[in-house]
Number of protein chains: 2
Amino acid sequence: MLAQKQVEARMRSFPERCRAAGLKLTHQRTAIFNVLACTERHPSPEEVYEAVLPELPSISLATVYKVLDLFHRHGFLRKVSTEQQAARYDANLGPHHHLLCDRCGRIEDVAVPAADTLAAPDAGDFSVSHFDIIFHGVCGACRSEPAGGR
Amino acid sequence: MLAQKQVEARMRSFPERCRAAGLKLTHQRTAIFNVLACTERHPSPEEVYEAVLPELPSISLATVYKVLDLFHRHGFLRKVSTEQQAARYDANLGPHHHLLCDRCGRIEDVAVPAADTLAAPDAGDFSVSHFDIIFHGVCGACRSEPAGGR
DNA sequence: TTAGATGCAAATCTTTTGCAGTGCG
DNA sequence: CGCACTGCAAAAGATTTGCATCTAA
């Protein structure tokens, strides 16, 4: 599952990574990162908040949101989407996947012939029905735009 | 891109599909489905609402939400996620993808060795940086549960 | 005729923002 | 000490719900 060694390695390098990124090392950030480093559960901001609450009773949910976003922007965390709250609809039921522009949010369809052969992996006790692939990138329009900036 | 023929085919079969699903055919539903059938833009509920407004000035956003959800549950539409509002975080930055239980929302990591060879497809003017695969299914815990229910 | 659908308004939830106070470097 | 960070409260969005009214079948 989640090797203890791996958790330790992630935590050990955390202060240095913050320094490298020019981020101050605070209790809140350490606690939040620790929660994420110790789990494979992919918690929501709310869940992260609840997980750090015992340790930092005065932390605010807004801080959790800010820190998660910060970590994500610095590549410390991955953001995983679940459709649960996403709400983008598509009437094209044929086999295809999506290109998502990380800059402007535009979504386009892509055919991915190679995906046909992509068998559901060893999914343990999960019974897989189908899968979606999201290719992240920057669309032509955004790429040709002057400045980037978030 | 989106062949006129395809749009027509989708719209032509719509009444029958509603009947088959035991859904009443209303102006609102037809207009909403038509918007989705004519676009590849993957609109949000809000965008769908605005698109049907000229035709049905008195439609409410709540109806759009209800109808989209209904269509999705009946398999008329795909729901595409974008992370933009999803907010599930993961500190595992290594190559892996995700299993999502459609029943309870649980997310698990999966290694997908075959995905390594999955090249970014012909993405037009999109420059792809990375991709995520979400395998949908039902987890063991949910599968062994008595009733299903939404 | 009537079960199912809509529209409205209010309630919920999630996420973001502004700002004053705090603490890391 | 100064600037970045936090906490709070309020704002802004997104989505859902209850209910009276309407309408497709």
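Just so it is clear: chains get the letters A, B, ... in the order the sequence lines come, proteins before strands, and each one is counted from 1.
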Which nucleotide in the set D:dA24, C:dC24, D:dC8 lies at the smallest distance from any side-chain heavy atom of A:S60?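 Nearest listed nucleotide: D:dC8.
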Among C:dT16, C:dT6, D:dT6, the nucleotide that comes nearest once only the side chain of B:V67 is considered: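 Nucleotide nearest to B:V67's side chain: C:dT6.
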Would you kindly give the [atom1]-to-[atom2] distance between [X] and [N], to the nearest whole Å?
X     : N      : atom1 : atom2 : answer
A:F71 : D:dC5  : CZ    : C1'   : 12 Å
B:H27 : C:dA5  : NE2   : P     : 15 Å
B:H72 : D:dT16 : NE2   : C1'   : 17 Å
A:L23 : D:dA4  : CG    : P     : 11 Å
B:L25 : D:dT23 : CG    : P     : 15 Å
B:L68 : D:dT16 : CG    : P     : 10 Å
B:I59 : D:dT23 : CD1   : P     : 14 Å
A:Y49 : C:dT15 : OH    : C1'   : 14 Å

For a quick test of your reading: what N or O donor-acceptor pairs under 3.5 Å do the side chains of residues 22-37 of chain A make, sequence neighbours left out?
from: A:T26; atom 1: OG1; to: A:R29; atom 2: N; distance (Å): 3.1
from: A:R29; atom 1: NH1; to: A:K24; atom 2: O; distance (Å): 2.9
from: A:T30; atom 1: OG1; to: A:T26; atom 2: O; distance (Å): 3.0

Any side-chain N or O of [X] under 4.0 Å from OP1/OP2 of [N]?
X     : N      : answer
A:Y65 : C:dT16 : no
A:R29 : C:dC24 : no
A:Q28 : D:dG7  : yes
B:T26 : C:dT6  : yes

Which is true for B:T63 with a 4.0 Å heavy-atom rule: it touches a base, it touches only sugar-phosphate, or it touches nothing?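 Counting heavy atoms under 4.0 Å across all strands, the contact made by B:T63 includes a base.
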Taking the side chain as everything from C-beta on, heavy atoms only, tell me whether B:D132 gets closer than 4.5 Å to B:H130.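 Side-chain contact under 4.5 Å: yes.
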Min side-chain heavy-atom separation B:L70-B:K66 under 4.5 Å: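 Not touching, per the 4.5 Å side-chain cut-off.
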Tell me whether A:E8 contacts the main-chain N or O of A:K5 through its side chain, where contact means a donor paired with an acceptor under 3.5 Å.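 The answer is no, because no donor-acceptor pair under 3.5 Å joins these two groups.
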Mapping B:S58 and B:K24 to their closest nucleotides on DNA chain C, which lands nearer the 5' end?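 The residue whose closest nucleotide sits nearer the 5' end is B:K24.
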Side-chain donor/acceptor contact of B:K66 with base of C:dG7 under 3.5 Å: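 Side chain to base: pair found, below 3.5 Å.
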